[in-house]
*Asks:* 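Below is the structure I would like to discuss, written out as structure tokens.
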Amino acid sequence: DTEPKSHDEL
Amino acid sequence: MNIFRFAGDMTHLASVLVLLLKIHTIKSCAGVSLKTQELYAIVFATRYLDIFTDFISLYNTFMKLVFLGSSFSIVWYMRSHKIVRRSYDKDQDTFRHYFLIVPCLLLAMIINEKFTFREVLWTFSLFLEAVAILPQLVLLQRTRNIDNLTGQYIFLLGAYRAFYIFNWIYRYFTEPHYVHWIPWIAGLLQTLLYGDFFYYYFHSWKNNKKLQLPA
């Protein structure tokens with residue numbers, strides 16, 4: 001399970 | 001990473017540096033809300049729980065450390081530094097934290113992408129960040145006189161939020177399946193809170209006058 005893409009933001 | 005996201009991160013970083021510059025070199029935190037700074041420390045502590053478990057990039061990890069370190073050191077300066085804390089407008093900065101923290105926590109438990117500990121706290125951090133500037137804006141309204149550094153600090157924070165909106169628009173059109181309603185709505189609300197401030201900021205800049213909010 002990968003992190004949602006929004007979590008690659010600060 | 002696109003240019004808007006990078007510009008957003010850099011204005012965010014600049015805002016923190018401006019505030020640290022004021023506190024560290026002038027040894028004053030006049031006009032700065034400790035409540036807002038404490039809320040930001042909570043925002044970063046709850047959002048970056050993944051800092052040591054999920055590696056995204058060196059850039060991300062580095063920036064997370066910077067925001068965590070700077071927010072906690074600003075709080076430390078304002079509460080504990082023997083000179084800085086004397087300039088704190090304690091009697092004017094009376095906004096109650098829990099009026100913001102409790103509703104944000106409840107809302108994050110109801111509205112979230114996944115009901116897990118980390119996901120709920122991540123969502124909580126988005127909601128809390130959206131409203132964390134309120135004690136600062138209330139303090140500005142009360143003291144009315146805003147020095148240049150405090151004005152620039154708030155302006156840069158608002159610019160950071162505006163750049164993030166452009167970043168989401170860009171990502172929506174360039175990345176498949178990039179739809180995230182929760183951060184978008186929280187982020188939009190947060191940016192709107194700066195609207196009034198922006199208006200007076202540009203007005204004073206255009207007329208080359210000191211920034212002053214109406215009573």
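Convention: sequence-line order gives letters A, B, ...; per-chain numbering from 1.
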*Asks:* Do other residues, nucleotides or ligands put more than 12 heavy atoms under 6.0 Å from the CZ atom of Phe166(B)?
*Replies:*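 No, the 6.0 Å shell around CZ holds no more than 12 heavy atoms from other groups.
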*Asks:* Atom CZ of residue position Phe62(B) - does it have more than 12 heavy atoms of other residues, nucleotides or ligands inside 6.0 Å?
*Replies:*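 No.
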*Asks:* Quick one: list whatever passes side chain to side chain contact (heavy atoms under 4.5 Å, CB included) with Trp76(B), sequence neighbours left out.
*Replies:*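 Per chain and number, Trp76(B) pairs via side chain to side chain contact (heavy atoms under 4.5 Å, CB included) with Ser80(B), His81(B).
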*Asks:* For Asp93(B), enumerate each residue passing the salt bridge (Lys or Arg N to Asp or Glu O under 4.0 Å) test, keeping only those at least two apart in sequence or located in another chain.
*Replies:*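 If we apply the salt bridge (Lys or Arg N to Asp or Glu O under 4.0 Å) test to Asp93(B), skipping adjacent residues, there are no hits.
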*Asks:* Under a 4.0 Å N-O cut-off, is there an ion pair linking Arg47(B) with Glu9(A)?
*Replies:*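 So Arg47(B) does not pair with Glu9(A) through a salt bridge.
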*Asks:* Above 12 or not: heavy atoms from other molecules or residues under 6.0 Å from CZ of Phe95(B)?
*Replies:*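 More than 12 within 6.0 Å, yes.
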*Asks:* Residue by residue, which of residues 2-29 of chain B have a heavy atom closer than 4.5 Å to a heavy atom belonging to chain A?
*Replies:*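 The residues closer than 4.5 Å to chain A, in numerical order, are Arg5(B), Asp9(B).
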*Asks:* Under the 3.5 angstrom rule, does the side chain of Asn60(B) hit a backbone N or O of Asp8(A) as a donor-acceptor pair?
*Replies:*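 Here the side-chain-to-backbone pair exists.
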*Asks:* If the test is side-chain contact (heavy atoms from CB on, under 4.5 Å), which one of His180(B), Glu113(B), Arg118(B), Glu119(B) qualifies with His7(A)?
*Replies:*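 Exactly one candidate clears the test, Glu119(B).
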*Asks:* Mark yes when over 12 heavy atoms from residues, nucleotides or ligands other than Met1(B) sit less than 6.0 Å from its CE; otherwise mark no.
*Replies:*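 Correct, the count exceeds 12.
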*Asks:* Where is the tightest heavy-atom contact between Tyr59(B) and Leu10(A), given as atom of each residue plus distance?
*Replies:*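 Residues Tyr59(B) and Leu10(A), closest heavy atoms: CE2-CD1, 4.3 Å.
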*Asks:* Taking atom OH of Tyr178(B) as the centre, does the number of heavy atoms from other residues, nucleotides or ligands within less than 6.0 Å exceed 12?
*Replies:*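 Correct, the count exceeds 12.
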*Asks:* Enumerate by number any residue of residues 151-164 of chain B whose heavy atoms lie under 4.5 Å from heavy atoms of chain A; in the absence of such residues, state 'none'.
*Replies:*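 At a heavy-atom separation under 4.5 Å, chain A is reached by Tyr160(B), Tyr164(B).
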